[in-house]
Structures are given as structure tokens and as C-alpha cells.
Amino acid sequence: MERQIPFVESLRRASALNRTRTVLALDIEDNDRLALIQRCKRVLSDVGDKICAVKINRQLVLALGLNGGVDLIVDFAHSLSLPAIMDAKLNDVAHTNVSMTRAYLRCGFDAVIASPIVGWEEGLDSVFELMNHAGKSIILLVHMSNPGSDNFYSLRVGESKAPIFEHFAELALRWKAHGVVVGATKLNVISRVREIVGDAVQIYSPGVGVQGGDGRRAITAGANYVIVGRSIYASPDPSKSARKIRFETMEK
Ligand code: XMP
């Protein structure tokens, strides 16, 4: 993939070409570094034509490092014309957020996930500036899929006493984030976030399969993309599983 294509464009192309809304969460573990790299590449080879992006977590960065490790996987995804999202969940003050984001950009990532909880000024302001300048994208964590996430993300705050996730969705709109993450297990939340952001922000839904979320229902509720990990890479036949999820989520 040409490196200079903006994330939004490479995602759109891969989604159209592969007729899919599936983002693969590549959370494979292996104590052997080389085996881990090979396994990641093998799964990507198997399912690359059934997904539209790959998402990498910090656990893979810890296992492999960015240079001579995760960058090899990002390059491999690019060779399959797939953009790569770094699930950094950035949530620190600006200068360290920027430092981490620069490292992810040098590694070749096309988008990063950040937490809106740190706010704009001296929080995510410089990250947005950096990513926008580079033609890359930011996805904000708006509500999670695990049962305990309601304790915080559904907490009612402010004068309006609206759930905090609604404030986060409004921030995504105001800050012109490319996307938001909302768990696939929270269909009402997906619909409410869609009402708030309209068509301006893409909704990514993880928690499909192993956690009980249903990809088809998440899309019907308003999600644009599903994020799927174990149901694909841990399946005895990753290609078949990716095909099944593609079928379920492309029918609307
Ligand atoms: P599985 O194996 O459950 O992996 O398909 C889900 C991936 O999505 C990331 N992620 C989340 N997962 N709820 C989730 O279930 C969330 O709110 C969420 N946010 C991100 C997770 O890290 C894994 O890579």
C-alpha cells in the first residue's frame, strides 16, 4: 500500500474491495518472538481479503517492540493494502501522548485509538494536530463492551445528567475524530451514539463473538465496522470464520 494514502481512503478502498466491515484485532500471543511474527503474518495472509483493517494492541508491542517487530506486521498489512490501527488508548498529558503517537507513526500506523477522558487542552489537542497533519486518523473510546464498563461509561454527569458516553460522543463530533469505539454488546448505546454523531463519525464495535456481541445486530443498530479478534484468529479455520462474519455484517 502507498504509505501516503490517508487512513480514511485506505479503509474505504479495502472495505469496498473486500466487501467487508471487519477489522481484525490481532491479539495473538506466543512466547517465541519469531513464531509470533510468523503466526500474525499467517493469519493476515489467510484473512487479508476478508477484512478492511488490522488493529494491534499494546500487548503485541510489549512482546515484539515497535522496531524490527510490530513494524514488520504493519508493513505486511500494508503489502495486503490494509491500513493498521494502533489500539493505544492514549490517556496521558499532551507531551507524552505526542511522543507515543510519533513512535506509532514512525512504525507506520495509520490511525490510533485514544481516550477522550483526558480532554482537549494539553491532553489530546496536540495529538489531533499531529495526526491531522500526517493524514492519519484518531478513534475515541466512547463506551466499552465489558459488563463492568457501565459503572463508569454510563455514569450520569454534568448539568444535563446525560450518561458520560454521550458527552464523549459529542466530543468526538466537536473534535472531528474519524471514529469512536462502542462495544457491540451495547446496542442501545450504539444507536444513541449514532443519533449524536450522525454520519460524521464512524462507529467501530468490538466484543463480537466470544464476548457475546452479535455483529449483524451491531451494524443494524448503527455501527459501521466490527472489530473481531479471537473469533477469527483463534478459530480452527480463520478464513472460514472471517467469511462468516463478513457475510453476517454485510447483509443489512
Ligand atoms: P475479541 O477477541 O473479544 O477482541 O474479539 C476484541 C478486541 O477489541 C479491543 N477493544 C475492545 N474490546 N470491548 C472489547 O471487547 C471494548 O470496549 C474494546 N475496546 C477495544 C480489545 O482490546 C481486543 O483487541
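Start at 1 and go down the list; that is how both ligands and their atoms are numbered. All residue numbers in this chain count up from 1 along the given sequence.
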task = Decide whether an N or O pair under 3.5 Å exists between V181 and ligand 1.
result = no
task = Determine, using heavy atoms of N57 and all atoms of ligand 1, whether some pair is separated by less than 4.0 Å.
result = yes
request  = Kindly assign one of parallel, tilted or perpendicular to the pair Y153 and F168, based on the angle between their ring planes and the thresholds 30° and 60°.
outcome  = perpendicular
query = Taking both backbone and side-chain atoms of Q211, is any N or O found less than 3.5 Å from an N or O belonging to ligand 1?
reply = yes
Between K50 and S239, a side-chain donor and acceptor under 3.5 Å = yes
request  = Determine whether the side chain, the backbone, both or neither of R58 has a heavy atom under 4.0 Å from any heavy atom of ligand 1.
outcome  = neither
query = Is atom CG of N188 surrounded by more than 12 heavy atoms (other residues, nucleotides or ligands) closer than 6.0 Å?
reply = no
query = Backbone, side chain, both or neither: what part of I113 comes under 4.0 angstrom of ligand 1, heavy atoms only?
reply = neither
message = For F128 and H178, I'd like to know if the aromatic rings sit close, meaning centre-to-centre distance below 6.0 Å.
response = no
request  = Decide yes or no on side-chain hydrogen bond (donor to acceptor under 3.5 Å, both in side chains) for R13 and N18, but give the supporting numbers first.
outcome  = CA-CA 8 Å; R13 283 190 199 178; N18 298 338; over 6 Å; no
note = So the atoms of ligand 1 within less than 4.0 Å of a heavy atom of M144 turn out to be 16 (C), 17 (O)
ask   = Does an N or O from S231, backbone or side chain, lie closer than 3.5 Å to an N or O of ligand 1?
value = no
key: From the candidates V210, D27, I139, I56, the one that places a heavy atom nearest atom 23 (C) of ligand 1   = D27
inquiry  = Minimum distance, heavy atoms only, to atom 7 (C) of ligand 1: which one of G207, A25, G209 is it?
reply    = A25
query = In terms of the angle between their ring planes, are W120 and W175 parallel, tilted or perpendicular, with boundaries placed at 30° and 60°?
reply = tilted
message = Side chain, backbone, both or neither: which applies to S145 and ligand 1 if a contact is any heavy-atom pair less than 4.0 Å apart?
response = both
query = For V157, does its backbone N or O pair with a side-chain atom of H167 as donor and acceptor, under 3.5 Å?
reply = yes
